[in-house]
Protein chains: 2
Amino acid sequence: MTQQKTDATSDKDTGPEGGFVSDYLLYLLAAASDVASAQFHAQVRKAGLRVPEWRVLACLSDTDGAMITQLARQALAEQSRLTRIIAQMEERGLLIRRSDPADGRRVRVYLTDAGRALAAELVPQARRHEAALIEMLKGNEGAHLKPALKSLLAALDGSADTQG
Amino acid sequence: MTQQKTDATSDKDTGPEGGFVSDYLLYLLAAASDVASAQFHAQVRKAGLRVPEWRVLACLSDTDGAMITQLARQALAEQSRLTRIIAQMEERGLLIRRSDPADGRRVRVYLTDAGRALAAELVPQARRHEAALIEMLKGNEGAHLKPALKSLLAALDGSADTQG
DNA sequence: CAAAACTATATGAAAAATCATATTGTTTGC
DNA sequence: GCAAACAATATGATTTTTCATATAGTTTTG
């Protein structure tokens, strides 16, 4: 007996085909997010931004004048982290911080022309990349992906408890 | 004119309803992964594990004796990070490292009884949590979520180029 | 209007993650 | 069977991220 692949893990493999992990929703979500983002995140870095910086830029290009806390939620980063990212982006001249006249605690963040220019370059790239991804999924179940994700997000927004 | 909400960002909000970000696939994926995982990851931490440790445990409970590189792929972590996580988990007695007799470069990782016991506790928790999530989606588009994610992953595996 | 409770942001210290590269072991081509 | 190329893991230095908490500003209550 030449012992040819008895115990499931002889050579390289992305994962065990039939195990728990490969069919586990939280794994599928994290893996899909990772893999799908990798390509575009490379473009982001080529443009001289880190991923959270790109996210801030994109959020601001949607909603200029957002506050730090809002941006943290939208960019999926922690507040203290956002504070620092904003500070760095301000130093680079991509945005400016201005305290809200109506409430001095709030810091509102606005894109500069440079920031807006960068966003105007990256957002279309993001759209094209997204279109390419979606193109890959034509005909498959993948057509339901965005609606399904929105449905999940909608279901989870507004359920802080219910879980033991 | 009482100026009542002219510029889109008056108060708290999860995101601008109609902007680019809130309909962008990579955002939806990352946000869904984050939000959906948050609940369960809290349970993981209660069990005394960090998220990547839980992932390693789950992978090993599927495929005992996996190598570091394999685990890195499956647990969505970098190799050097995995090396350190494995070292720490070994110190805690959750697993052991053994070099592969067939190829001395490879380190195969095996759960100890303690590790297996912890996995036997957490994996069912994960399954229950997943079931609860999926239950929330009944009737909606959410039913397609797992197939759609698998379809995306399948489409992306084996396309290193194609992107400019 | 002062004290208490709360909210938004900032910051120091610590932990986690990454990057480049070293180390160790294996395969290949000559 | 030795040198070159390759592969898997480890490690030092650095950067990123988190955590706890400080600071500053606002609202509420009596």
Side-chain angles (χ1 to χ4, degrees), chain A residues 9-14 30 33-34 37-38 41-42 44-46 48-56 59 65-92 95-110, chain B residues 9-14 30 33-34 37-38 41-42 44-46 48-56 59 65-92 95-110:
Chain A
T9 60
S10 298
D11 211 346
K12 71 175 171 181
D13 230 322
T14 305
S33 179
D34 258 44
S37 301
H41 288 174
V44 167
R45 280 184 291 270
K46 264 180 217 155
L49 291 178
R50 291 169 301 175
V51 170
E53 291 172 332
W54 145 245
R55 286 180 171 158
V56 165
C59 289
M67 9 185 312
I68 304 269
T69 305
Q70 262 176 81
L71 289 170
R73 271 196 303 274
Q74 294 173 211
L76 308 173
E78 293 227 310
Q79 176 266 312
S80 73
R81 175 147 181 56
L82 237 296
T83 289
R84 292 182 231 248
I85 287 169
I86 295 296
Q88 290 162 357
M89 293 178 77
E90 185 169 39
E91 279 177 9
R92 283 181 59 182
L95 49 79
I96 61 174
R97 303 162 3 112
R98 192 141 22 104
S99 99
D100 187 330
D103 183 341
R105 293 166 301 182
R106 295 178 173 180
V107 171
R108 297 213 173 260
V109 182
Y110 301 86
Chain B
T9 60
S10 299
D11 211 347
K12 72 173 169 182
D13 232 321
T14 305
S33 179
D34 258 45
S37 300
H41 288 175
V44 167
R45 280 184 290 270
K46 265 179 215 156
L49 291 179
R50 290 170 302 175
V51 170
E53 292 172 331
W54 145 245
R55 286 181 172 156
V56 166
C59 289
M67 2 182 321
I68 303 269
T69 305
Q70 258 177 84
L71 288 170
R73 269 195 306 273
Q74 294 174 212
L76 309 172
E78 292 228 310
Q79 176 267 312
S80 73
R81 175 150 180 54
L82 238 296
T83 289
R84 291 182 232 249
I85 286 170
I86 294 295
Q88 290 162 358
M89 291 178 78
E90 184 170 40
E91 281 177 7
R92 283 180 58 181
L95 49 78
I96 61 175
R97 300 159 8 109
R98 193 141 21 106
S99 100
D100 187 329
D103 183 340
R105 294 167 299 182
R106 297 178 172 180
V107 172
R108 298 214 173 257
V109 181
Y110 301 87

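Lettering follows sequence order; numbering is per chain, from 1.
Residues forming a side-chain hydrogen bond (donor to acceptor under 3.5 Å, both in side chains) with A:Arg92 (at least two apart in sequence, or on another chain): none. With sequence neighbours left out, B:Glu78 forms a side-chain contact (heavy atoms from CB on, under 4.5 Å) with B:Arg81. Residues passing the salt bridge (Lys or Arg N to Asp or Glu O under 4.0 Å) test with B:Arg105 are B:Asp103, sequence neighbours excluded. Residues forming a side-chain hydrogen bond (donor to acceptor under 3.5 Å, both in side chains) with A:Arg97 (at least two apart in sequence, or on another chain): A:Glu90. Every residue two or more places apart in sequence or in another chain that forms a side-chain contact (heavy atoms from CB on, under 4.5 Å) with B:Arg98 is listed here: B:Ile96, B:Tyr110. For A:Gln79, the side-chain contact (heavy atoms from CB on, under 4.5 Å) criterion is met by A:Ile68, A:Thr83, not counting sequence neighbours. With sequence neighbours excluded, the residues forming a side-chain contact (heavy atoms from CB on, under 4.5 Å) with B:Asp34 are A:Leu76, listed by chain and number.
In this structure, CG of A:Asp103 is placed 17 Å from P of C:dC6, rounded to the nearest angstrom. One interatomic measurement links the two molecules: CG of A:Leu82 to P of C:dT7, which rounds to 19 Å at whole-angstrom precision. Nucleotide C:dA15 holds its C1' atom 12 Å from the CD1 atom of B:Ile85, rounded to whole Å. Straight-line distance from the CG atom of B:Leu71 to the P atom of D:dA10: 12 Å, rounded to whole Å. For B:Ile68 and D:dT11, the CD1 to P distance is 11 Å, given to the nearest whole Å. At whole-Å resolution of the value, CD in B:Glu90 and C1' in D:dA10 are 14 Å apart. The CZ-P distance, from A:Arg97 to C:dA8, rounds to 16 Å in whole Å. Atom-to-atom, CZ of B:Arg106 to C1' of D:dA8 comes out at 8 Å; the value is rounded to the nearest Å.
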Contacts under 3.5 Å, N or O only, protein and nucleotides 3-6 of chain D:
none

Would you tabulate the nitrogen or oxygen pairs shorter than 3.5 Å linking the protein to nucleotides 19-23 of chain C?
residue: C:dC19; atom: N4; partner: B:Ser80; partner atom: OG; Å: 3.1

Show, in sequence, the C-alpha distance, side-chain angles and deciding distance for B:Arg108 and B:Gln70, and conclude whether the side-chain contact (heavy atoms from CB on, under 4.5 Å) test is met. CA-CA 10 Å; B:Arg108 298 214 173 257; B:Gln70 258 177 84; 4.0 Å; yes

For side-chain contact (heavy atoms from CB on, under 4.5 Å), just list the numbers for A:Val56 and A:Gln74, CA-CA rounded to whole Å, side-chain angles, deciding distance to a tenth of an Å, and then say yes or no. CA-CA 8 Å; A:Val56 165; A:Gln74 294 173 211; over 6 Å; no

